[in-house]
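Heads up: the structure comes next, in structure tokens.
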Amino acid sequence: MYIYDEHDHLIIQERVKQFRGQTQRYLDGKLKEEEFLPLRLQNGLYVQRLAPMLRMAVPYGLLSARQLRKLAHITRHYDKGYCHFTTRQNVQLNWPELAEVPDILAELAEVEMHAVQTSGNCIRNVTSDQFAGVAPDEIVDPRPYCEIIRQWSTFHPEFAFLPRKFKIAVSGSVDDRAAIHFHDIGLQLVKNDAGAVGFKVLVGGGLGRTPVIASVIREFLPEKDLLTYLEAILRIYNLQGRRDNKYKARIKILVKALGAEVFAEKVEKEWARICDSQTLLTDKEISRAKSFFTSPEYRELDDESVLANLSEELKNNRDFANWMQYNVREHKVPGYRAVTLSLKPTGIAPGDVTDKQLEKIAELSERYSFGEVRVTHEQNVVLADVCVADLYALWLEAKSANFATANIGTLTDMICCPGGDYCSLANAKSIPIAEALQREFDDVDYLYDLGHLDLNISGCMNACGHHHIGHIGILGVDKKGEEFYQIQLGGNSGNNAALAQVLGPSFSRAEVPTVIKTILSTYVELREEGEEFFDTYQRIGITAFKEKVYAKAA
Amino acid sequence: MPKLLRDGELLSSWEDPQSALTIPVDVELDNFIDELNAGLTDISLITIEFSVFMDGRAFSIARSLRDHFDYQGELRAVGQFIPDQLHYLSRCGFNAFLFSEDVEAETIEECLNAFSEHYQAAVDDPQPLFRKRA
Ligand code: SF4
């Protein structure tokens, strides 16, 4: 994990001081509401339906036990004792006091955390793969590059007043788990024929009102050129992105308007001017960044024999066996596994955790995973380095802390935005939908039989719940002041990036579980041997589903 | 009475250089400079006006003027920018700022010097932090 030196500390402390001053001037009436707005947003502070909301950054999802304990303390002391993991690997407080926010930031700074650029029209927290560094399919570990990007983008003086927000994701593996096709910039780490490390650069993806799959503008960018190239892209966007209409201001609209080729030419032209500048990365800096993400002290183990020791438990305990199958993943090191703690038991808003749970996660991470965790964009928490010999003990503890719902990758492992319960932009509530579906689909055998299923729920078109890229997407809409839900099918966030299609007219909240049930039974009826939901959908298309759902409704 | 912050000094009266130029924020900078007969060589004041402070194009224009066109003269921000942008603006190459009367000197000072250390290179310092780290 990256560790601050005196420079990083100074920069973050100066930020706390700056925001304290801005908040004071605002409270004294010296800073106008509309002027304070972007300044507080760039510190993650929204004013929401019920109270302010503070979004704290978790750079590319990594948290240490110490940071988790600090978060627990903050939620207890400054909030109501719980917080929310977001779909962008960040953490939100729902009820902080505006006047106390500078103190919260000061507390965060003590553990090398902050809320910098978690909102506003600037470069946001860079996101990545929750299995970075441990995934067997990894080409290059993305974390050092994420940290390099984090530093470069933090308080970048030129890009703090962009046309709109700007999100960068980095993937270092064969399977894309960072949704790089749906970010303003998606970076895929690759090695060329000569074995040199570089990036495939994608631009202009995104969700929201106008969902777009990103275009590749460069097949291979040498690693040292990373920052100068990003700077060129951002400069073109800052100068030429639309500012007349907030719904047309994202880079995806500019890339579409110009065409990806023309956009790429402009970037290359700008880049030619700055590629030799001192922003060109050095070997020294790349190895410095890498030095923070070395492997922990793994024991030398024989995978088969440690696994054999679990055979009794696996045989006798079905819950444990299910958990092993769904919540435990392969690891690049023999004898180790990556474990996902599910934050989605039935009845809890997806991604919500209490102060006590945060402390429990900290404890588990120290006992079983070198004191570190990763937050996932599916709103769960990963212990990335668990020894196989410890899995049963971990399961028992996770179970008693309510983290062991064996549902990762299944229907009930839904992504769900805060929606109408918290968010002032919502058209409809999303959490009650998630809960109704969890209650409806409580038969685990059926759930497992359905296989891998991404069900994503957003409370409005802003798509924080990524409904466009769920295999099943649910979108809250407003129909003459009433909450309705549109169903979409066939999205995919990974390598086979696809945007979901609308099934048809929307439904009332009460109808949603039945509709989802019909969709699923249609899949079960029509699937061929070995097909996942997404495969079946791709083969048969939306019509079959449409017919069933609306035949029933009629 | 408006005030001018120029090279860190707050002035209540000042003289404007002779050869001045105003650049609009929607400029196509390459074409614009191509069309100037003598380029920027004998220009000693360029003014960029902010119509709304949220429009960040001037930040990139300033950097291009300094970094790509090697402009050495005064680069002045006027209009609707806010003091809280001073630090970033000056990092991008602005060295003069026109304020209305009601802006307090203390606020200007505080905002201008918000940070003493930076990660990235900019006009004020072409060397990013990573090249300076031991
Ligand atoms: S999708 Fe809409 S309702 Fe949900 S959190 Fe985002 S803005 Fe709010």
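Residue numbers start from 1 in every chain, and the chains themselves are labelled A, B, ... in the order their sequence lines are given, proteins ahead of strands.
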Closest non-hydrogen atoms of R150(A) and Y119(B), given as atom of the first, atom of the second and distance, are NH2-OH, 3.5 Å
Partner of E117(B) under side-chain hydrogen bond (donor to acceptor under 3.5 Å, both in side chains), picked from H7(A), H9(A), Q13(A), is H7(A)
Turns out that what part of E285(A) lies under 4.5 Å from chain B's heavy atoms comes down to side chain
If one checks every heavy atom of I11(A) against chain B at 4.5 Å, the contacting part turns out to be both
When the 4.5 angstrom heavy-atom criterion is applied to I61(B) and chain A, the contacting part is both
| task | Answer yes or no: is there a side-chain heavy-atom contact under 4.5 Å between D67(B) and I274(A)? | result | no
Max heavy-atom pairs within cutoff under 4.5 Å with chain B, candidates R288(A), Q240(A), R15(A), goes to R288(A)
- request: Answer yes or no: are there more than 12 heavy-atom neighbours, outside K3(B) itself, under 6.0 Å from its atom NZ?
  value: yes
**Message:** How about CG on D244(A), more than 12 heavy atoms from neighbouring residues, nucleotides or ligands closer than 6.0 Å, or not?
**Reply:** yes
Highest number of heavy-atom pairs under 4.5 Å with chain B among R273(A), E35(A), K30(A), Q18(A) belongs to R273(A)
* So, do V52(B) and R243(A) sit near enough that their side-chain heavy atoms are less than 4.5 Å apart? -> no
Q.
Quick check: do R25(A) and T107(B) have side-chain heavy atoms less than 4.5 Å from each other?
A. yes
Cut-off 4.5 Å, heavy atoms of chain A, and the answer for D125(B) is neither
- Carboxylate-amine/guanidinium proximity below 4.0 Å for E231(A) and R63(B): yes
So, the part of L280(A) with a heavy atom under 4.5 Å from chain B: the answer is both
Turns out that what part of K284(A) lies under 4.5 Å from chain B's heavy atoms comes down to side chain
Here the pair of heavy atoms bringing T279(A) nearest to P128(B) is CA-CG, 4.1 Å
Here the gap from D84(B) atom CG to L31(A) atom CG, rounded to the nearest 0.5 Å, amounts to 5.5 Å
Rounded to the nearest 0.5 angstrom, the CG-CG distance for L29(B) and L239(A) is 8.5 Å
So CD of Q278(A) and CZ of F130(B): to nearest 0.5 Å the spacing works out to 8.5 Å
* Hey, are the side chains of P157(A) and Q120(B) touching, using non-hydrogen atoms and a 4.5 Å cut-off? -> yes
Most contact-rich option vs chain B, by heavy-atom pairs under 4.5 angstrom, among L162(A), L234(A), L281(A), is L281(A)
Of A114(B), C92(B), S116(B), A122(B), the largest count of non-hydrogen pairs under 4.5 angstrom with chain A goes to S116(B)
Pair count under 4.5 Å, heavy atoms only, with chain B: among H156(A), E158(A), K32(A), highest is E158(A)
From the list E104(B), H118(B), E110(B), H87(B), the residue making the most non-hydrogen contacts under 4.5 Å with chain A is E104(B)
Per-residue tally against chain B (heavy atom, under 4.5 Å) across N121(A), T154(A), L227(A) peaks at T154(A)
In this structure, CZ of F161(A) is separated from CZ of F53(B) (nearest 0.5 Å) by 6.5 Å
### Message
Classify the ring geometry of F115(B) against F155(A): parallel below 30°, tilted from 30° to 60°, perpendicular beyond 60°.
### Response
tilted
Exercise for review: May I ask you to decide if N238(A)'s main-chain N or O and R57(B)'s side chain share a donor-acceptor pair within less than 3.5 Å?
Suggested key: no
- Message: Would you say CD of E261(A) has more than 12 non-hydrogen atoms from neighbouring residues, nucleotides or ligands within 6.0 angstrom?
- Response: no
